[in-house]
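Below: one structure, written as structure tokens.
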Amino acid sequence: MSDRLDHDVIIAGAGVVGAAIAWHLARAGVRVAIIDATGPAAAASGASDGAVSVASKKPGVMARLASASLIYTHDLAAQGPLQAAFAARPAHIFGSGAAELAAMDTLAAKLNHLSGRVRVVADGGPDLLSGLGTGVDRLMTLEGEGHMPGHKAVRAYLAAPGITCIWPAPLLGYEVADGFVTVRLADRTLRAGQLVLALGVSSPDLIPGLPIVPRAGQLIVTDRGPVGALSGSLTAAAYLVAKTQDGAALPLLPVVIDPLTSGQYLIGSTREDHGDPTRVDFATLRRLLTRAATVWPALRDRRVIRTFAGVRAAVSDSLPIVGPLPGADRVTIVTGFEGDGICLSALIGREVARMLCGLSPDAALAADLAALSPVRFSKNRIEGAA
Amino acid sequence: MIAQVFWNGRPVPFCEGETLGSALTRAGISDLGRAPTGQARAVFCGIGQCQGCLVRVGTRLTEACLLPCVDGLQAEPDAGGQTDA
Amino acid sequence: MRGDRLMRDSRVLVIGAGLAGLAAAVEIAGAGLPVLVVDQAQAPGGAVHRQPLPGVRSIASGMQRRRWTRLMAQINAQAERIEIRCNTRFGGMDYTGDALLTGDGRALMQPRALVLATGARERVQPRPGWTLPCVTTAGAIQAELKTTAHPPYGRVLLAGSGPLLLAVAAELVRLGRAPVAVIEAGHPFSHPLSALRLPASYLIEAAGYLLRVKAAGVPVLTGAHVLAITPSADGLVVRVNTPRGDRSFGADRIGLHDGIAPNDAGLPVDGPVPVLRLGDCREALGARAALADGRAGGGRLAAQLLGRAAPDPSADLDLQRQAQRRLGAIYAHDGLTRLSDLPSDTVLCRCENRTLADLRALGSNPGARGLRLDGRFGMGPCQGRFCAEWVGRLSTPAGLPLPHIGSNRWPSRPIPISDLVDPSAEGLEP
Ligand SMILES: Cc1cc2nc3c(=O)[nH]c(=O)nc-3n(C[C@H](O)[C@H](O)[C@H](O)COP(=O)(O)OP(=O)(O)OC[C@H]3O[C@@H](n4cnc5c(N)ncnc54)[C@H](O)[C@@H]3O)c2cc1C
Ligand code: FES
């Protein structure tokens with residue numbers, strides 16, 4: 001690209017998605033800069049659980065993309081940037097009552113159909129997992145999934161050479177003209193060949209009308225205890241229902257207990273469409289912990305040392321938005337990952353980088369990636385207007 | 001009969017109204033084991049702010065400097081002992 | 001998420017049964033409003049009026065005892081409207097106005113107003129060896145003396161800066177265990193003129209302490225700093241830098257203290273009901289100010305709740321603020337600049353065992369998020385009370401505002417999960 005440009009590509013948003021794109025571009029020799037209003041992992045990526053999970057995805061596009069991203073995340077962790085960020089670990093799903101048990105049947109069928117890296121290695125009664133408490137009729141253990149704290153992934157990606165990091169620097173606006181994009185920051189303007197908007201829940205600030213709902217989720221962190229008491233995540237099957245059937249009435253509280261490498265537990269989460277990250281309350285904490293401690297009694301000996309809420313960027317049709325912004329040449333939008341951005345980030349980073357370099361997508365995923373294009377909303381708008 | 005608590009099985013006398021942290025200190029017991037981070041556990045602030053004096057009573061961790069002694073109370077160092085990955 | 005709203009409680013909730021909290025309770029109850037005072041300690045008293053164990057003779061001065069007796073008489077006169085629950089910990093108040101109490105007085109309640117009178121925390125600068133057993137805050141030694149009237153075992157050394165060091169040293173002398181040394185970073189005795197502008201009560205108290213300590217032959221080294229504390233075959237060895245060269249002292253117990261600051265980690269700033277900070281929790285000005293602030297604040301809150309005109313602000317508070325400012329100037333020293341010269345393996349965050357080297361690995365100016373997420377500073381169960389200040393200073397280029405790395409949201413202290421999920425406490429029925 002030309003010397004008239006400050007950077008070949010500017011990425012706005014240093015969440016896990018923006019960071020993954022930056023890493024892939026830098027590796028391809030592209031001069032890339034990443035800017036953020038606050039800093040790395042300042043929004044959802046720094047306030048999320050970090051399950052890299054296929055089990056929780058809706059069958060179809062999301063499950064296939066997650067499955068591919070999981071395989072690729074394992075690669076990047078084996079010899080790549082995610083070595084210290086990603087940890088493989090089993091995922092235990094538990095259920096109680098008819099609705100949750102049915103959700104587990106659906107899950108088994110989905111995983112079988114995907115034939116990816118995630119396999120059911122055990123399926124039976126509560127005695128399958130020692131330490132389990134009461135309130136569990138069925139337990140299923142999956143192998144192949146993992147955990148990746150968002151802030152660790154962002155830090156790992158951005159540590160690579162060749163990425164210019166600029167923050168705190170809110171993107172105030174941009175213009176496309178004369179074959180480049182001018183990006184306006186508070187104290188300067190920058191020129192780039194391409195602009196990527198990876199702004200998470202803030203995307204509508206730059207692209208008004210984008211159908212994004214800020215969906216808050218409360219999370220709880222405990223103090224440290226013995227490491228390894230719980231071998232992997234322990235997820236209520238209600239969580240699968242919550243994530244796969246939108247608006248479904250949940251049979252029970254969709255709690256997830258994730259053991260961290262520090263010996264702490266991370267417990268989540270709710271789905272609250274007010275999108276206010278300051279709303280963290282005792283009544284909710286108590287409800288989440290009551291189910292969590294019934295199922296995993298070792299939690300009774302731990303203490304809560306931190307609570308917070310993260311805000312996910314949910315899209316009206318529950319699919320992320322990834323692709324060139326209609327009507328704005330040289331601008332690509334990548335957002336709307338709701339509760340799945342950590343999981344999908346590796347694959348999306350690779351594929352968006354290919355897209356920006358003018359390469360065609362991985363053939364096996366082309367159709368699924370096409371389904372994420374923002375074109376789907378502009379069409380609706382045109383039809384609506386007609 | 002003197003009222004006593006047990007630290008790691010060892011009897012320690014206490015005065016009425018005394019906290020475990022105070023009774024242990026008077027008995028010359030200052031090393032309260034190790035935190036999962038490897039840091040030594042010991043009384044530091046003495047008033048429940050620093051979390052340095054956590055001990056295990058049954059399965060629960062609690063601040064020794066805030067815990068009232070009752071006759072027969074059994075307390076131990078935290079099992080922990082692991083470091084962060 | 002919330003089907004289970006609580007009934008609003010008619011009581012004002014006061015956190016902390018020290019001078020400020022109790023004085024506020026007296027005023028609020030005096031205006032006819034019911035008050036619940038909770039404290040995590042075993043008995044009311046707070047930092048200054050920590051009570052002796054039953055049967056132990058109080059070491060408090062006559063003036064202190066009279067002040068406490070008067071305050072308790074006022075509390076007792078309002079006994080119908082004031083309930084005090086000890087052994088009860090405040091977990092915080094959430095945005096809905098729910099306040100969580102754990103321990104003996106477990107409850108989830110919606111108070112009519114919240115008074116935060118959680119007192120001060122001791123500031124203790126990191127030093128090599130400050131995490132060893134037998135190294136405590138000077139305040140911890142003082143608390144021991146007040147409750148047991150017994151000096152700690154063996155040779156005691158006090159170090160850091162501020163009037164508390166001499167106060168504790170004097171108590172130790174009186175109880176027959178003169179400290180081996182007092183290591184004061186400032187030069188408090190080289191300011192006779194400014195010292196004279198302190199209120200007389202300060203001067204009399206301080207002079208008394210100094211006389212007693214000097215008479216016992218205790219070396220009081222000024223302009224001196226602890227370089228390192230190391231374990232030895234018989235206790236601890238403290239290496240001290242003085243204006244006349246380095247020295248070593250053997251000790252069995254070390255009390256560190258570098259001043260006080262509000263103990264306000266994880267406390268709400270406001271809420272759906274009136275929230276008020278009083279005493280050292282608002283501004284660390286010491287006992288006299290806490291009493292005045294508690295009274296005045298309690299009166300103001302009661303007036304606000306009852307829709308009456310607010311009483312006049314207390315002039316006493318300004319007086320104490322001036323006095324504290326002078327004291328600060330008298331004790332001024334260059335200790336902070338020494339922070340960055342610490343050996344790189346010095347522990348900064350005691351909870352998470354994070355060192356100066358870990359901090360430097362974050363690069364220059366990592367900001368609050370970097371310090372927390374990547375550095376794990378301020379992420380431990382003490383909620384940053386003992387590291388946030390130093391980590392903030394060390395990681396921020398001069399002239400920039402210090403990052404806020406402690407917690408400013410509940411929990412203000414760790415909440416045992418069993419306390420939270422077990423039924424059978426007031427307001428906590430499932
Ligand atoms: C409670 C919770 C639990 C979750 N659990 C999981 C999980 O287990 N597994 C999983 O895969 N995903 C999970 N997620 C979802 C995941 O965190 C997100 O999908 C992912 O982090 C989104 O990344 P992002 O890069 O799109 O957005 P973000 O991380 O939100 O990044 C957007 C960035 O843009 C910046 N920005 C905003 N406006 C501007 C501007 N004008 N100029 C410059 N910069 C700006 C922000 O500061 C921010 O850094 C969870 C989310 C939450 C909230
Ligand atoms: S010594 Fe600090 S909490 Fe007990």
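In what follows, every chain begins at residue 1, and chains take the letters A, B, ... in the order their sequences are listed.
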Between [atom1] on residue [X] and [atom2] on residue [Y], distance to nearest 0.5 Å:
| X | Y | atom1 | atom2 | answer |
| --- | --- | --- | --- | --- |
| R89(C) | L66(B) | CZ | CG | 4.5 Å |
| C65(B) | E144(C) | SG | CD | 11.0 Å |
| R41(B) | T131(C) | CZ | OG1 | 13.0 Å |
| H150(C) | C15(B) | NE2 | SG | 7.5 Å |
| C45(B) | R121(C) | SG | CZ | 12.0 Å |

Notebook entry, point to check: With a 4.5 angstrom heavy-atom cut-off, which part of P414(C) approaches chain B: side chain, backbone, both or neither?
Noted result: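 For P414(C), side-chain heavy atoms alone lie under 4.5 Å from chain B.
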
Check: Of the backbone (N, CA, C, O) and the side chain (C-beta and beyond), which part of Y153(C) lies under 4.5 Å from a heavy atom of chain B, both, or neither?
Finding: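 Neither part.
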
Among [options], single out the residue with the greatest number of heavy-atom pairs under 4.5 Å to chain B.
| options | result |
| --- | --- |
| R413(C), Q142(C), E122(C), R385(C) | R413(C) |
| N263(C), I417(C), T147(C), V56(C) | N263(C) |
| C134(C), P152(C), P133(C) | P133(C) |
| T148(C), T137(C), L132(C) | T137(C) |

Notebook entry, point to check: For chain C, which residues from residues 47-56 of chain B lie under 4.5 Å away (heavy-atom distances)?
Noted result: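 Only I47(B), G48(B), Q49(B), C50(B), Q51(B) of residues 47-56 of chain B have a heavy atom under 4.5 Å from chain C.
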
Item checked: Choice from S22(B), P68(B), A40(B) maximising heavy atom contacts with chain C below 4.5 Å ->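 Highest number of pairs under 4.5 Å: P68(B).
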
Check: Under a 4.5 Å heavy-atom cutoff, which of G46(B), G21(B), S30(B) has the most pairs with chain C?
Finding: S30(B)

Margin query: Surrounding CD of Q74(B) (heavy atoms of other residues, nucleotides or ligands, distance under 6.0 Å), is the total greater than 12?
Written below: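 Enclosed: over 12 neighbouring heavy atoms sit under 6.0 Å from CD of Q74(B).
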
Looking only at heavy atoms, which two atoms of [X] and [Y] are closest? And how far apart?
| X | Y | result |
| --- | --- | --- |
| N353(C) | T37(B) | ND2-O, 3.1 Å |
| F44(B) | T136(C) | O-CB, 3.2 Å |
| V347(C) | Q39(B) | CG1-NE2, 3.7 Å |

Notebook entry, point to check: Will you find, in the side chains of R60(B) and S418(C), an N or O donor that is under 3.5 Å from an N or O acceptor?
Noted result: yes

